[in-house]
There are 2 protein chains.
Amino acid sequence: MAKAKPKRPWGEAIQDRGEQFEMKRQVVLRTAARIYTERGFHETTLADIADELNISKPTLYYYFKSKDEILFECHRIGIEAITDGETPMPPPGQGTARERLHEFLRRYVRMVVDDFGTCLVMTGTNALEPENRAEVVGGRRQIDGMLRAILDEGGLDGSLVCPDPKVTAMFIFGAMNWIPHWYHRDGPITVEELTDRLAAFVDQALPPGPAAGA
Amino acid sequence: MAKAKPKRPWGEAIQDRGEQFEMKRQVVLRTAARIYTERGFHETTLADIADELNISKPTLYYYFKSKDEILFECHRIGIEAITDGETPMPPPGQGTARERLHEFLRRYVRMVVDDFGTCLVMTGTNALEPENRAEVVGGRRQIDGMLRAILDEGGLDGSLVCPDPKVTAMFIFGAMNWIPHWYHRDGPITVEELTDRLAAFVDQALPPGPAAGA
DNA sequence: GTCGGATTCGACTCGTGGGTCGAACAGCCA
DNA sequence: TGGCTGTTCGACCCACGAGTCGAATCCGAC
């Protein structure tokens, strides 16, 4: 009660210097992700972001070295939500492919509904510098591989039959990546309901195979 | 053989003035759509388009009044490919909903695989001026309505059961709108095969209902 | 030929927005 | 109290790219 005099949107609390720095960076990123998504990357100026945060443009440059880097960080966070989730994806062999598919869908939908995930999916990679773009593209490819692998395994353990895993994976990613275009967190549908609907849809489309053999 | 001396990428033939004008406009549009899609709208300069066509930037302004208008026209063409196709969509009542669904998917995939359709789907509407954006958004909404309606009818005529037409329609649009991100016309899969795969996928996901009554 | 409109382009303007600089200020430790 | 580092900002720079202008050229009609 004695030391709290925050005029800035950064929370309060006076952790040590480095911690403060990191926290402020996060706030900037979240805000940026939201605005980038709403208006589009190129339609957003650094002044817009700064204004939203009640800080000045040069201050942004104290935390990031370029507009591009801000976008890149947003993408990175989005990707890592999938690739390095706190609980790792269950490895093949643990549970059926169908179960792992569900887990994957749940995770991905969650990601895509978050500010960073939305930003990742809605702002193209065109804007990124080659170097950063390469990393983002790599990350996405890795995620693609995860789903593809699960679909492949489904054919083996018989838990789901999928004629063309590559193309099917793309259909599924499409359905999920489109979510930010129409879904609103504060709308009538909860994220859980959304996930369930998607899972049901995909489940129907990929019926269990007759064969089996663990 | 006597009069053909084209130094310009516009074909040859010497139709009347207005026809030439219209034809050149089309060529510009297709080229622009392609480049917009490849590099992104904002990453494309008018000089890029002009260079590609071996013309100068001011010449573009002879055919279009702004960069924005060029994009808008691309979107318009894409949308009209669905809404005003040469053969109109069969009206409800003609055939089962499932049949109409197939026809719709076929059409939409075709559109999305074309330069203009790809452009429509990949470049956001953020860049468009409010007025133009409103029209594009309206068109898209109309297309949304088409699919939603078909899904609704499917519940009635029993040809397909769909728990939540609104959300399901979005999943399907997502799957289709994502196509330009991974599909290449000159790849191993033909457009027909692609359409078939999608139709099969959706068919599975939306099984026929037990009820009926024409 | 030559006139007039259609077409094309070189050279320019100019707003916008990413990025920089140096000064001011805050908080901490002696 | 003085000084040091970390943080913030007002004012500026400047490249880039959309859009313009006026002159040059092309081409069919008389």
Side-chain angles (χ1 to χ4, degrees), chain A residues 2-28 32 35-36 39-73 123 126-129 132, chain B residues 2-28 32 35-36 39-72 126-129 132:
Chain A
K3 301 196 85 161
K5 285 197 231 162
K7 294 175 301 208
R8 299 265 161 270
W10 332 113
E12 352 278 299
I14 337 75
Q15 293 93 344
D16 87 297
R17 241 40 180 277
E19 220 166 308
Q20 273 285 329
F21 183 87
E22 211 41 58
M23 181 177 302
K24 293 182 185 181
R25 243 179 94 97
Q26 289 300 319
V27 175
V28 172
I35 305 188
Y36 281 166
R39 309 187 200 169
F41 178 72
H42 288 282
E43 286 75 12
T44 304
T45 70
L46 290 179
D48 289 337
I49 299 175
D51 285 355
E52 181 79 18
L53 290 162
N54 282 82
I55 61 175
S56 70
K57 191 161 51 132
T59 300
L60 286 177
Y61 279 89
Y62 180 68
Y63 290 96
F64 300 92
K65 78 180 217 307
S66 69
K67 185 187 182 187
D68 190 90
E69 191 194 33
I70 297 178
L71 179 62
F72 172 62
E73 289 295 317
T123 70
N126 298 96
L128 294 167
E129 311 200 331
N132 290 344
Chain B
K3 299 198 87 165
K5 284 197 235 165
K7 294 174 300 207
R8 299 263 162 273
W10 331 115
E12 355 274 299
I14 338 75
Q15 295 92 345
D16 86 299
R17 239 45 179 275
E19 221 166 307
Q20 274 285 328
F21 183 86
E22 211 43 55
M23 180 176 303
K24 292 182 185 181
R25 243 179 94 98
Q26 288 301 319
V27 175
V28 172
I35 305 187
Y36 281 165
R39 308 185 201 170
F41 177 70
H42 288 283
E43 287 75 12
T44 303
T45 70
L46 290 180
D48 289 337
I49 299 175
D51 285 355
E52 181 80 17
L53 291 162
N54 282 85
I55 62 176
S56 69
K57 189 161 52 127
T59 299
L60 285 176
Y61 279 90
Y62 180 69
Y63 290 97
F64 299 92
K65 79 181 216 309
S66 72
K67 186 186 181 188
D68 189 90
E69 191 194 33
I70 297 178
L71 179 62
F72 172 61
N126 298 96
L128 294 168
E129 312 199 329
N132 290 344

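Proteins come first, then strands; the chains are lettered A, B, ... in the order of their sequence lines, and each starts at number 1. Here the structure is a predicted model, which means the values were calculated and not measured.
With rounding to whole Å, A/L53 atom CG is found 11 Å from D/dT8 atom P. Separating the CD atom of B/E129 from the C1' atom of D/dG19 is a distance of 13 Å, rounded to the nearest angstrom. Straight-line distance from the CZ atom of A/F21 to the P atom of D/dT5: 17 Å, rounded to whole Å. The NZ-C1' distance, from A/K24 to D/dT8, rounds to 9 Å in whole Å. To the nearest angstrom, P of C/dG18 lies 8 Å from OH of A/Y36. The distance from atom CG of B/N54 to atom C1' of C/dT7 is 16 Å, rounded to the nearest whole Å. Atom OH in A/Y61 sits roughly 7 Å away from atom P in C/dG18 (whole-Å rounding). One interatomic measurement links the two molecules: NE2 of A/H42 to P of C/dG18, which rounds to 10 Å at whole-angstrom precision.
Between B/Y63 and C/dT7 there is no side-chain polar atom (N or O) within less than 4.0 angstrom of OP1 or OP2. The phosphate of D/dT8 (OP1 or OP2) has no side-chain N or O of A/Y62 nearer than 4.0 angstrom. A sub-4.0 Å separation between OP1 or OP2 of C/dC9 and a side-chain N or O of B/S56 is present. Phosphate contact (OP1/OP2 of D/dC9, side-chain N/O of A/T59, threshold under 4.0 Å): present.
Counting heavy atoms from C-beta outward, B/Y61 and B/L46 have side chains that approach closer than 4.5 Å. Put simply, the side chain of A/Y63 does not reach to within 4.5 Å of the side chain of A/I70, judged on heavy atoms. Between B/F72 and B/E129, every side-chain heavy-atom pair lies at or beyond the 4.5 Å cut-off.
Applying the 3.5 Å distance criterion, the base of D/dG17 shares no donor-acceptor pair with the side chain of B/K67. For C/dG19, the base has a donor-acceptor partner in the side chain of A/K57 [N/O atoms by modelled type, under 3.5 angstrom].
A donor-acceptor pair under 3.5 Å is absent between the side-chain atoms of B/K57 and the main chain of B/T45, judged by distance alone. Of the possible polar contacts, none joining the A/D51 side chain to the A/D48 backbone as a donor-acceptor pair under 3.5 Å is found.
The OG1 atom of A/T44 sits 8.5 Å away from atom CG of B/N126, with the distance rounded to the nearest 0.5 Å.
B/A127 approaches B/L71 most closely through the heavy-atom pair CB-CD2, 4.0 Å.
Fit an axis to the five pairs at each end of the helix from C/dG1-D/dC30 to C/dA30-D/dT1 and the two axes sit 10° apart, to the nearest 10 degrees.
Closest contact between the side chain of A/L46 and the listed nucleotides D/dC9, C/dG19, C/dC9 involves C/dG19.
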